[in-house]
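For reference, the structure discussed in these notes is given below.
Letters go in sequence order (proteins before strands), and every chain restarts at 1.
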Number of protein chains: 2
Amino acid sequence: MPATSKAKPAPAGRGRRAVRASGDERERAILETAERLLEERPLSEISVDDLARGAGISRPTFYFYFPSKDAVVLTIIDRLVAAAAGSREEALATMAEGELRAALRQALTDLYGAFRSRRAVTLAAAELRMRNPEARELWSQVMEGWVADVTAVIEAERARGAAPAGQPARDLAIALVQMNERVQYAAFTGESPSLDEERVIDVLVDIWLRAIYGTAEPS
Amino acid sequence: MPATSKAKPAPAGRGRRAVRASGDERERAILETAERLLEERPLSEISVDDLARGAGISRPTFYFYFPSKDAVVLTIIDRLVAAAAGSREEALATMAEGELRAALRQALTDLYGAFRSRRAVTLAAAELRMRNPEARELWSQVMEGWVADVTAVIEAERARGAAPAGQPARDLAIALVQMNERVQYAAFTGESPSLDEERVIDVLVDIWLRAIYGTAEPS
DNA sequence: AACTTTATCAACACTGTGTCGAGTTGGTCA
DNA sequence: TGACCAACTCGACACAGTGTTGATAAAGTT
């Protein structure tokens, strides 16, 4: 049973423990080592041994603190996701009261910033999602949160006559949110083709506005 | 040196060989086994041993035909990508002469169909891209091809006055193409949130048209 | 019939994961 | 204070997977 709870005193949700003693700083050391190594190379090229050594402990001792490498990264992603959720709520609060164009830009900028400031972790999350159901579930919740909020905004704009009818609001929201995810990911990795980091927001905001407020009639 | 050419007679590009004898059918058996197993489970859960046994040979013999598991999948992806490129050129030919709305829908439908009909391979490609530079490069070329074509279409539409000015055509094309990739991937995996398979095309076409022909002015 | 090429696989070397059990250490309370 | 317990540590092991080596067989080629 990989990547599931199984630590010695193991009570908590994922794989982290609830210890209090000096082990607390060991746990932190492991998390910090993981973040540091992720700046250098992808998750797939980091071993449990790398994490243990980086934290100054032996490999078996690592397993006292985390049930697997994945659990470490999941813990780190948890925190990133929580921060991003904060950005989102804040941004949405602004958006609730008119001046949508500027508010939308602000919202996308904040979210983009939240992930860009932890680029390495964001990339690791994408990698982990490919093979870890728990990571998939966590990311899924993040996306659902965004989609729900964006859906509400679109429906409100349509209700007050500011936006024309069109595809179901939720479908539109899903596509737009997924576009953001992919475009941002590409910009972070620098793959080609990808948008320049400074152009990401301009392009995304433009497409969002056109998708929400425009109609689909060519000349 | 994993995933690079290294087979016995090894001349060709990647890791496939140029054998002619009875080994030809072994090679095909390996490729077929890979495709079959990918329908059942992700690439990360398929071992070289699985492929060898599936093809009725021992593991060392597998290495006579392919230098690694990745090389097998790369060969399969190559073919998918070639087929998709065919769809694209065909679709673009239609698009070159007016009636853009219908032509665009047709183009996106064909492309979507090309990948949906080989869903398992498409998903494996996404997984492999995460950790294999060669897969990344291959996919990159596919995306660049699309972006180049779409950029040309947008510029042509702007030149003939059918589409308004806006973000640089290439930037717009990158975001739209990446949106398609992500939305399609999500629909294939059935993750949540994701668009229903029957709704994908409608939603994407709508956003493309609005992004290309609309303006970004809210009411 | 010598020789080469193609094909095959048992056995090996290596890397990485996760577990077991035998410790050590520091605090607590009888 | 000393018996005890929980937190903590790690050497040694069992396993799974990858890729290589070398010996061998079977099919052409000259």
> Are B/Arg28 and B/Asp24 close enough for a salt bridge, meaning some N to O gap below 4.0 Å?
Replying inline: no

> What's the CZ-C1' distance between A/Arg26 and D/dC10, to the nearest Å?
Replying inline: 12 Å

> Sequence neighbours excluded, which residues qualify as ring pair (Phe, Tyr, Trp, His ring centres under 6.0 Å) partners of A/Tyr112?
Replying inline: A/Phe188

> With a 4.0 Å cut-off, would you call B/Glu144 and B/Arg170 a salt bridge?
Replying inline: yes

>> Checking contacts here: which listed nucleotide (D/dC8, C/dT8, C/dG18) is nearest the side-chain heavy atoms of A/Phe64?
In response: D/dC8

> Rounded to the Å, how far apart are B/Tyr63 OH and D/dG22 P?
Replying inline: 18 Å

> Between C/dT8 atom P and B/Phe66 atom CZ, what is the distance in whole Å?
Replying inline: 13 Å

> Over how many whole Å does the gap from A/Glu27 atom CD to D/dC8 atom C1' extend?
Replying inline: 13 Å

> Would you say the base of D/dG19 and the side-chain of B/Arg59 have a donor-acceptor pair closer than 3.5 Å?
Replying inline: yes

>> Using every non-hydrogen atom in the two residues, find where B/Pro168 and A/Arg199 come nearest and quote the distance to one decimal.
In response: CD-NH1, 3.4 Å

> Would you call A/Asp202 and A/Arg105 a salt bridge, using N to O less than 4.0 angstrom?
Replying inline: yes

> For B/Glu45 and D/dA16, what is the distance between atoms CD and P respectively, to the nearest whole Å?
Replying inline: 15 Å

> Can you check the B/Asp24 CG to D/dA27 C1' distance for me, whole Å?
Replying inline: 16 Å

> So, B/Arg129 and B/Glu181, do they make that salt bridge, N to O below 4.0 Å?
Replying inline: yes

> Where is the tightest heavy-atom contact between A/Ala125 and A/Trp139, given as atom of each residue plus distance?
Replying inline: CB-CZ3, 4.1 Å

> CG of B/Asp70 versus P of D/dG17: gap in Å, rounded?
Replying inline: 16 Å

>> With a 4.0 Å limit, can you tell me whether B/Tyr65 has a side-chain N or O closer than that to the phosphate oxygens OP1/OP2 of C/dT8?
In response: yes

> Rounding to a whole Å, what distance do you find between A/Phe62:CZ and D/dC8:P?
Replying inline: 16 Å

> Of all of residues 47-58 of chain B, which get a heavy atom below 4.0 angstrom from DNA chain C, listed by number?
Replying inline: B/Ile57, B/Ser58

